Amino acid sequence: MSSALLEQLIEAFRVLPGVGQKSAQRMAYHVLERERAGGQRLSNALAAAIEQVGHCTRCRDFSETEVCATCASAARDAHLLCAVESPADRLAIEQATGYRGLYFVLQGRLSPLDGIGPRELGLDGLGARLAEGEVQELIIATNPTVEGEATAHYLAQLARQHGVRPSRLAHGVPLGGELEYVDRGTLSHAFGSRSEMGP
Ligand SMILES: [Zn+2]
């Protein structure tokens, strides 16, 4: 390698998930050989997003404004709140179902071994939200993994503490699967036939 900058670029690409040394090299060569304009756009978009995209103070989803467009919309049903693990899961539900309620994005799942507890998921904020009294049903759409299920049970308890009805998506989402990768029909059906969670 004859360029320190090229080496730096390759190393920088490796921060992306699933990108190892070989892929990072291909990306760096591709940008420099054939796609300098696109590379510049990527660089600008990255810098702007990192600088300006934060989290909505209501739902924790990504947002450039303090309160995101969905949370600010008067057209959404504030009696329904759907808890998801990630912005990608939120998007999957939004696209697959006709859901018109609001969301709460955990940005993770309970995982004590990784040091991710209720505080890291903003559950104090969720509790405060439920205590406001407007939410009637908490739709728990965490993934059907071991940690997702544990998170679901925690959320159900939190909901009941505030007199809110917890519900869980119907089975059909494959066990261990991530909502983000489930086909639309299956997700739509699982969402539509959700049922109340027992204690
Ligand atoms: Zn929001």
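Quick caveat: nothing in here was measured; it's all calculated off a predicted structure. When a ligand or atom number is given, it counts from 1 through the structure's own listing order.
Salt-bridge annotation for Glu132 and Arg58: present, with a side-chain N of the basic residue lying under 4.0 Å from a carboxylate O of the acidic one. Classification of Arg60 and Glu120 as a salt-bridged pair fails, no side-chain N sitting under 4.0 Å from a carboxylate O.
Taking the ring centre of Tyr29 as origin, the terminal cationic atom of Arg26 falls outside the region bounded by 6.0 Å and 45° from the ring axis.
Side-chain atoms of Ser167 and Glu196 form no donor-acceptor pair, as typed in the model, at a separation below 3.5 Å. A donor and an acceptor atom, one from each side chain of Arg14 and Gln21, are located under 3.5 Å apart.
Contacts of His55 classified as ring pair (Phe, Tyr, Trp, His ring centres under 6.0 Å), with partners at least two apart in sequence or in another chain: Phe62.
The Zn ion (ligand 1) has Cys56 SG, Cys59 SG, Cys68 SG, Cys71 SG as protein N, O or S atoms under 2.8 Å away.
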